[in-house]
Amino acid sequence: MTHGVAHYGLPGYLRCMMGIVWREALRFFQQRGRFIAALVRPLVWLFIFAAGFRSVLGGSVVEPYESAVPYEVYIAPGLVAMIQLFNGMQSSLSMVYDREMGTMRTLLVSPFPRWFLLSCKLLAGTVVSIAQVYVFLAIAWFWAITPPLGGYVAVLPALVLSGLMLGSLGLLLSSVIRQLENFAGIMNFVIFPMFFMSSALYPLSRMADANPLLYHLCSLNPFTHAVELIRHALYVQFNLPAALITVGCTLLFVTMAVVAYNPSKGLIARRGGPRG
Amino acid sequence: MKSTPLTALDVSHVSHAYGPRKALDDVSLTVGTAAFCGLLGLNGAGKTTLFSLITRLFDNTSGQVRVMGHDVRRAPKLALQNLGVVFQSRTLDPDLTVMQNMTYHAALHGIARRDAHERAIAELARAGLKDRLNDTVRTLSGGQTRRVEIARALLHHPKLLLLDEPTVGLDVGARRDILSHVRTLVDDGGLSVLWATHLMEEIENEDAVVVLHQGKVIENGSASEIVARQNADSLKDAFNTLTGLAKDKAA
């Protein structure tokens, strides 16, 4: 099915996907401030917070580490997931912003199916987040966060999965929130609880000792499983339950987001959609 | 392709409501091929909702929208391929260059990069902006930005172009340029255009005109016909009479 040189068959799908990913990357690297902020955030945690809490693990051994590890080694995978969490929420922020600016509309008038366009947008965000993660891991290497070399390869599929999960959560939120200023709400009600109620900063066994109810909440948190998936992959191990839960949550969030953006059933139709 | 339909856009009996608020009430209109049609309405008349339905941002709950004979709901892919849109708000990425914006849009239509470059150069030349290819959009004037948006909307060679108040916020000169540019596209390129506006001076006597008011089509015909029917001196007077503005003023 061609239309002049416009192509709506398989090569067209590929070009469309490449175009969306390329634009996202271009935008990210052109906003240098955003790139630096995305790096500084986890580095502050690693250099300062982790130094202060160095002895917090108290010599206990947690999976997948073979011996007691320094705190900064423990929280590095959690910070990797944090980069992706912020990135997912930020791309949802950019969706709200885009939608207000009308760029979302130019995306959605593309003849390709909407689920495909939203998936491409999701993939684009994930690619950008993975680039950030590798830059972070490269800097962390000099800070004695030295997982096995194979871990850098093994973590890639885990990052794709967790990136998609957190991105799809952001996508879902972007269809629900209308106002730009509501991002502060996202910080308070999504980012902070998800991050602190997870195994990013402390092993869940510690949480179990402190408060059993919180422990259960933490183990229900999808973010915990993304962190554990990354942690194990970085040490060339595969955490099946974490992988299954991450895949399941991704599918759930994507489906809900596609429904929310569906032209007839979605929220946009009921609320009038973007202005302008 | 099947025989070319006589109407580029066929909106028939379309209604839409946001909750209890009815934004469009049984709206029907057509835009002929290679014709310029003005959609006149005050702010809040339902123009933007109508555009959202034609572009399938959301679906019409009742009635039918056809673009070049393709039902937007049943065959969105074919309908949207034939459709170019210039939205009321600015939708170019201000941090990217003109060419980057163009290639992004081309990708959304599955156009390969090399073809995209050729087409972008051709469309920008037509819009008189060939020398601004590598400038970021931020450095363009309001009128130039609009012309880039029109060039972008034409990249995939649509048959129907929708423009939602494209001259809002522009000075008189830029407004005139854009209008005459679009009219040339209709006269020379055989493009069909639906031009939403509340500025009567943008409409010429022989243009087809649809007047939308409070979600309803209250008048439909050529501008001169409407003026004659309303026994008015100008389209502006006719419009004021139709929408009750004249009454308000007299009272």
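Numbered from 1 within each chain, the chains take letters A, B, ... in sequence-line order. Values reported hereafter were calculated over all heavy atoms of this structure, with side chains retained and with hydrogens, waters and symmetry mates removed. Please read all numbers here as calculations on a predicted model, not as lab measurements.
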Between Pro111(A), Gly19(A), Gly12(A), which has the largest tally of heavy atom pairs under 4.5 Å with chain B?
Pro111(A)
Given heavy-atom pairs under 4.5 angstrom as the criterion, report whether the side chain, backbone, both or neither of Arg21(B) touches chain A.
neither
Nearest-0.5 Å distance that lies between atom CD in Gln84(A) and atom CG in Leu159(A):
5.0 Å
Is the centre of the Tyr104(B) ring less than 6.0 Å from the centre of the Trp22(A) ring?
no
Answer with side chain, backbone, both or neither: which region of Ile20(A) has an atom nearer than 4.5 Å to a non-hydrogen atom of chain B?
both
Heavy-atom donor-acceptor pair, Asp93(B) side chain to Leu96(B) backbone, under 3.5 Å
no
Are Phe195(A) and Trp45(A) an aromatic pair by the rule of ring centers under 6.0 Å?
yes
Please classify the contact of Glu165(B) with chain A as side chain, backbone, both or neither, using a heavy-atom distance under 4.5 Å.
neither
Looking at the rings of Phe58(B) and His16(B), which for Trp means the six-membered one, are their centres under 6.0 Å apart?
yes
Among Asn101(B), Leu155(B), Asp95(B), which residue forms the greatest number of heavy-atom pairs with chain A at distances under 4.5 Å?
Asp95(B)
Is chain A contacted by the side chain of Thr55(B), its backbone, both, or neither, given a heavy-atom distance below 4.5 Å?
both
